[in-house]
Asks: 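Sharing a structure with you now.
Along the sequence shown, residues carry numbers from 1. Heavy-atom basis, side chains included; hydrogens, waters and symmetry copies ignored. Values in this document were obtained by computation on a predicted structure and should not be read as measured data.
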Amino acid sequence: MTNTNLRLFAADMDGTLLDNDNAFNRRKFAEVIGILRRQQKKFVIATGNQTIRINKMFLPFDSDGQVISMVAENGAFIQNGQNLLHQSIIDPIKTKRIYDLLPTLNPRPTLVVFAGKDAAFAPTWQESV
């Protein structure tokens, strides 16, 4: 059965598009994107992953931004093709306060990652770095 009213398809990355080895069938994905392009439909990647990772993996399949959109970083970054629709930014002063507070907690957190649009880092004071 085919529903021609469907205009948008969405999928998570980890465990859905990607297998346990962070890989996917690139040939099949390119075929699906080609079909969606011809039908003028959208594919949305909805994930907690950073935009830099999404772009690295999926931009080659849609370099003009006509098919693939994203809801990334757990909803903090929403992009329709190449057009930014929403970006939620935490105040840098608040971020610094949190960064300074974390190592003083008892027990101290064992895994902290600060993530942004283009990069992520882990504080050097944590043992797991």
Asks: Taking all atoms of both residues into account, what is the closest heavy-atom pair of G48 and N74, and its distance?
Replies: CA-OD1, 3.2 Å

Asks: Once rounded to the nearest 0.5 Å, what's the spacing between atom CD1 of I98 and atom CG of L102?
Replies: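 I98 CD1 to L102 CG: 7.0 Å, rounded to 0.5 Å.
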
Asks: Give the cluster check for F58 versus M70: same hydrophobic cluster or not, with ILVMFWY residues linked at side-chain heavy-atom distances below 4.5 Å.
Replies: yes

Asks: Is it possible for you to say whether M13 and V32 belong to one hydrophobic cluster, with membership spreading through side-chain heavy-atom contacts below 4.5 Å?
Replies: yes

Asks: Say you draw a straight line from CD of Q39 to CZ of R7; how long is it, rounded to the nearest 0.5 Å?
Replies: 10.0 Å

Asks: Can you tell me if CZ on R53 sees more than 12 non-hydrogen neighbours from other groups inside 6.0 Å?
Replies: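 Yes, enclosed.
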
Asks: Using atom types as modelled and distance alone, determine if a side-chain donor or acceptor of Q79 lies under 3.5 Å from a backbone N or O of G81.
Replies: yes

Asks: Any idea which heavy atoms bring N49 and A72 closest together, and the distance?
Replies: O-CB, 3.6 Å

Asks: Nearest heavy-atom pair of N80 and K42: which atoms, and what distance?
Replies: OD1-NZ, 3.3 Å

Asks: When you measure from the side chain of D19 to the backbone N and O of A23, does any donor-acceptor pair fall under 3.5 Å?
Replies: yes

Asks: Are F77 and L84 close enough, and set up right, to give a side chain to side chain contact (heavy atoms under 4.5 Å, CB included), and what steps lead you there?
Replies: CA-CA 8 Å; F77 187 88; L84 177 65; 3.4 Å; yes

Asks: What do you reckon, are the aromatic ring centroids of F43 and F9 less than 6.0 Å apart?
Replies: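 No.
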
Asks: Among residues at least two apart in sequence or on other chains, which ones pass side chain to side chain donor-acceptor pair (under 3.5 Å) with D62?
Replies: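 D62 satisfies side chain to side chain donor-acceptor pair (under 3.5 Å) with R37 only.
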
Asks: Grouping I, L, V, M, F, W and Y whenever their side-chain heavy atoms are under 4.5 Å apart, do L6 and I33 come out in a common cluster?
Replies: yes

Asks: Would you compute the distance between atom OG1 of T16 and atom CD1 of I45 and round it to the nearest 0.5 angstrom?
Replies: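 Here the interatomic distance stands at 11.5 Å.
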
Asks: Rounded to the nearest 0.5 Å, how far does CG of L59 lie from CD1 of I68?
Replies: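 Result: 8.0 Å between the selected atoms.
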
Asks: So, taking the atom named CD1 in I54 and the one named CD in Q50, what distance separates them when rounded to the nearest 0.5 Å?
Replies: 9.0 Å

Asks: Any chance you could lay out the side chain to side chain contact (heavy atoms under 4.5 Å, CB included) test for D14 and N22, step after step, and finish with the verdict?
Replies: CA-CA 7 Å; D14 301 319; N22 287 317; 3.8 Å; yes

Asks: Just do the side chain to side chain contact (heavy atoms under 4.5 Å, CB included) check on M57 and L18 with the steps written out, would you?
Replies: CA-CA 10 Å; M57 294 183 87; L18 305 179; 3.5 Å; yes

Asks: Got a second to check how far E31's CD is from L36's CG, nearest 0.5 Å?
Replies: 11.0 Å

Asks: Over 60° means perpendicular and under 30° means parallel, so classify the ring planes of F61 and F29, tilted if in between.
Replies: perpendicular

Asks: Under 4.5 Å between side-chain heavy atoms, hopping through other hydrophobics if needed: is there a path connecting I89 to I93?
Replies: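 Looking at the clustering, I93 is in a separate group from I89.
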
Asks: Would the distance check show the side chain of Q126 and the main-chain N or O of P103 forming a donor-acceptor pair, the cut-off being under 3.5 Å?
Replies: no

Asks: Could you go through the side chain to side chain contact (heavy atoms under 4.5 Å, CB included) check for T51 and Q87 one step at a time?
Replies: CA-CA 11 Å; T51 58; Q87 184 174 7; over 6 Å; no

Asks: Taking atom CG of N20 as the centre, report whether more than 12 heavy atoms of other residues, nucleotides or ligands fall under 6.0 Å from it.
Replies: no

Asks: For the hydrophobic clusters of this structure (ILVMFWY residues joined by side-chain heavy atoms under 4.5 Å, transitively), does one cluster hold both V67 and L8?
Replies: no

Asks: Taking atom CD1 of I35 as the centre, report whether more than 12 heavy atoms of other residues, nucleotides or ligands fall under 6.0 Å from it.
Replies: yes

